[in-house]
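A quick write-up on the structure given underneath.
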Amino acid sequence: MAKLHVSTTINGEPMEFLCEPGDTMLDALRGPLALTGSKEGCASGDCGACSITLDDRLVCSCLMLAVESEGHEIRTIEGLAHGDKLHPLQQKFLEEAALQCGICTPGMLVASDALLRQNPRPSEEDVRFWLAGNLCRCTGYDKIVRAVLETAAEMREQGTRESRQ
Amino acid sequence: MNVIANNKWIGQRTIRPDGVDKVTGRAGYAADTTMPGMIWGKILRSPHPHARIRGINTAKAEALPGVKAVVTARDIVDFPVDKSVMLGIQDMRWMCRNVMAREKALFPGHPVAAVAATSEAIAAQACELIEVDYEVLPWSIEIDDAILPDAPILHEFIKFEGKPSNIAGRMEIKKGDVAEGFKQAEVVVERSFTTRPVHQGYIEPHACLVSVAADNKTTIWSSSQGQFMVRAMTAHLSGIPQSDIRAIPAEIGGGFGGKTIVYLEPLATLLAKKSGRPVKMVMTREEVMRSTGPTSGSKSTVKIGAKKDGTIVAAQGTFYLQAGALPGSPIRGAVGCSFSPYDIPNVLSVGFDVVSNRSKVAAYRAPGAPIGAYAVECVLDELAEALKMDPLELRLKNAAKQGTKAAHGPVFPRIGYVETLQAAKAHPHYTAPLGKYQGRGVASGFWFNAGGESSAQVNITEDGNVVVTTGHPDIGGSRAAIANICAELLGIDYRRVSVLIGDTATVGFSNLTGGSRVLFASAMVVTQSTEKIIATLRERAAKIWEIDPEAVKWENGAAHPASPNAGQFEPLTLAQLAEKAPQMGGPIGAGVQLNTEGAEGGFGTHICDVEVDVELGIVRVIRYTAVQDVGRAIHPSYVEGQMQGGVAQGIGWALNEEYIYNKDGKVDNPGFLDYRMPVCSDLPMLDAVMVEVPNPKHPQGVKGVGEVPLVPVMAAVANAIHNALGKRFYSLPMSPPKVLEVLEGKG
């Protein structure tokens, strides 16, 4: 069967790729697009290691067909930093040691970023329920939750400072 | 608590050297690796729990366009069953049969053939074309069934008490006279317990990429806890000499013991050799659950006797552990660790290794010890209740300390168990008020820890920075701790130290990342290498100043005259000495290879609060404090992380995780939806309290920290549930249906 041609936007850049009809978005990202930051832990939408956003909505890229990205905006872990400037979440994860083996980390960061975009003032419970779709087997989640809460507080502080200027 | 002063980097929460790559998604894990001309490998697995393989016909698969190679057990080096060939703790007789079924398929998911093809889809299709002639045999899954006199025998050559048996091994430790001991006891508690197999649950499935050239030169990129283990096992199973194999450690996405053996690498190597193409293999989650790990399920009986004042006089334990389909359950951990936190004059601890038609178990964080501690620490809780003693007081009264002869043999040197009990008792958590249906439990745990082979190479770059190469995969932050140590010794900023994991061709032999040994061992070789470098730097400065090397000291990253008598010289920094290296004796570097000794056992004491939903049977852990003697926290954040991670795994083991089998002898929950590991909303914050009693046999006082945190958890949770409900559970997991049964008086 001939491959399908898909035009999409990934991390702000227009992208084109070819895929099989049955390929998942994760297959496309990790294969023809060579964006291997999104990981496959289960391929059933249960671990969150492949989390990306589709038009700002958090999705598991293993549960989405690659062709469904046609004309939409995809964001992956590779788009979280600006050039060599890390996103505040990335910086805080490093400072707080909110990663051990690091395999869940890209998905955790993408999911945390999606949370803070829609809720800049999450409670601990908000963070825990939002990240319940992202499994981590190393950290016990403690440091991850702290890192997200502290980033949220700092980003709010930063925002307040910027709006005062 | 021990406070270590005047350290610039040791004990600091520095940013890990591999951190930026991991938060940006750039770090290279095995499944992220590709190679020009690469093809895909897939495995055909047995659908039967137990079946003789009468024949395999691969002709149709081989004829499928796109298929480049097919391998079966015939292609793998055979290790006959009558002679043991040990590689570390693994017996190659079992490894060659675990990697691919030989005479019989022994569990559902057991590999029977492997295919390499130009796409994953074609490889999968080819697997379906392979015809296997199975003679289906009766099987057993549970220990109770496997040890029945008429149980189906997995291996005729395994004999127990002279007869073919599924009991593959027995281990015993003995101290004093246990029968005499019990005669002195005024209170005796004896209980039996069962636990279910639980999977290590790393998020990264096993993966590898292997390239074999026509002259056998082989390169393996894979996710493992030891590149040297990968090289040795692949060499043994493929027949390629170790010197022709280069095993490159990819970043590892979790292991917890489950990646201390090979599953894919020998098959990918044989497929690559046969096809002449690089072969990539990645397991699915279902394959991980069906055919790797888990740790043993168990049944055990523990009996402890004490005087009325709480002095424990005798203890006895019997532990049956599931090995899975091939021998090798962690009975040593169960038998050896369970009673070791206590000074008990009379101990008898016996373990049995039981094979049945399940996937072969693999190491899982303090293998065997959590199973033993669950039984012992629950019995101690009942004993404290019977004696009307505070459970921490009972433990304090009987705690092992310096000079105690441990049940498993050695006499303890300076250990920190009492300190953990005292810290737990003094922690505000221990006396905080509890609400309705809430309860509090405590438990302690011990793990041997380990030393062993380690190698390091430290090189000074031309611009005066440092590259450290060690041979241990970094599974949870060891690079960060090594950077702290090296920077501390050299007196330079830790950001000037780059820490790399060498492959088998670039660094000396280093044993597995496992057993809570890596920082203990690698810190030793890195320290000795760095000390050699400092000696060289002092010699170089002495030569420049034309004074004796003894008259030069190394401080704050520079050579200084040792005293005013040595002369007046401006300090020479590391960068200045590096720049002068070509004229002053050449490159500056040092390597050390050691069989490290002096690892001391680790102890922890945990406090757990639960709340039980008596309508639904759901148990929630609402507060958790883990106290541990960590020797010395080189990087406190990653020590805490090990403690918190171990606790989270233990909570999963205690409350929800288990392998559920259907009537066909097949695992019914091989995915993350139905195999229920704790998610973020299942857990509270986890308080990690580090007690630092430095290990006197280590240059930085390091003790292993990675395994102790899992050991006490199941008992702490069980004891908390008892405290909440007044009812005891003698089997794991304490999942909602079981809790409801007990609440309704049926359990």
Side-chain angles (χ1 to χ4, degrees), chain A residues 20 22 30-31 34-49 76-78 80-81 84 86-87 89-91 93-107 109-110 124-125 127-146, chain B residues 13 15-16 18-29 31-34 121 200-205 251-256 282 284-286 474-477 480 635 637-638 640-649 651 671-673 677-688:
Chain A
E20 302 282 344
R30 294 181 55 80
L35 294 168
T36 56
S38 306
K39 306 299 178 192
E40 179 171 311
C42 66
S44 56
D46 297 310
C47 78
T76 71
I77 184 63
E78 285 89 352
L80 205 56
D84 66 353
L86 295 179
H87 185 281
L89 276 165
Q90 292 172 312
Q91 187 59 36
F93 267 52
L94 290 179
E95 288 165 12
E96 295 293 310
L99 64 149
Q100 282 165 32
C101 82
I103 197 86
C104 74
T105 309
L109 285 165
V110 169
E124 184 196 329
E125 199 179 14
V127 175
R128 286 192 179 276
F129 277 92
W130 183 270
L131 293 181
N134 290 75
L135 284 172
C136 169
R137 192 62 157 172
C138 292
T139 63
Y141 305 106
D142 185 295
K143 291 186 190 302
I144 293 173
V145 173
R146 280 177 209 279
Chain B
R13 297 172 190 263
I15 294 200
R16 59 193 287 168
D18 53 325
V20 172
D21 263 2
K22 285 186 173 152
V23 298
T24 52
R26 246 175 260 161
Y29 295 83
D32 305 334
T33 316
T34 55
Q200 294 79 352
Y202 32 81
I203 308 301
E204 180 205 34
E251 290 302 328
I252 172 169
F256 316 106
V282 182
T284 63
R285 178 55 50 183
E286 185 175 333
D474 176 358
I475 202 163
H635 194 302
S637 298
Y638 290 105
E640 289 164 355
Q642 289 295 323
M643 292 167 69
Q644 292 163 334
V647 168
Q649 289 181 320
I651 291 172
F672 281 147
L673 184 62
M677 291 182 352
V679 302
C680 200
S681 53
D682 291 329
L683 297 175
M685 290 297 186
L686 303 168
D687 194 2

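Here is how names work: the chains are called A, B, and so on, in the same order as the sequence lines, proteins then strands, and each is numbered from 1. It should be emphasised that the depicted structure is a prediction, and the values quoted were computed from it without experimental measurement.
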Part of [X] within contact of chain B (heavy atom distance under 4.5 Å):
X        : answer
A:Ala132 : both
A:Thr139 : backbone
A:Phe93  : side chain
A:Leu80  : neither
A:Leu99  : both
A:Glu40  : backbone

Q) Salt bridge or not for B:Asp32 and A:Arg30, using N-O below 4.0 Å? A) yes
Q) How far apart are the closest heavy atoms of B:Val23 and A:Gln90, and which atoms are they? A) O-NE2, 2.8 Å
Q | Nearest heavy atoms of A:Gly140 and B:Leu686, plus distance in Å | A | O-CD1, 3.6 Å
Q | Rounded distance [0.5 Å steps], CD1 in B:Ile475 versus CD in A:Gln100 | A | 10.0 Å
Q: Give a yes or no on whether the backbone of A:Gly41 and the side-chain of B:Arg285 come within a donor-acceptor separation of less than 3.5 Å.
A: yes
Q: Answer with side chain, backbone, both or neither: which region of B:Ile252 has an atom nearer than 4.5 Å to a non-hydrogen atom of chain A?
A: backbone
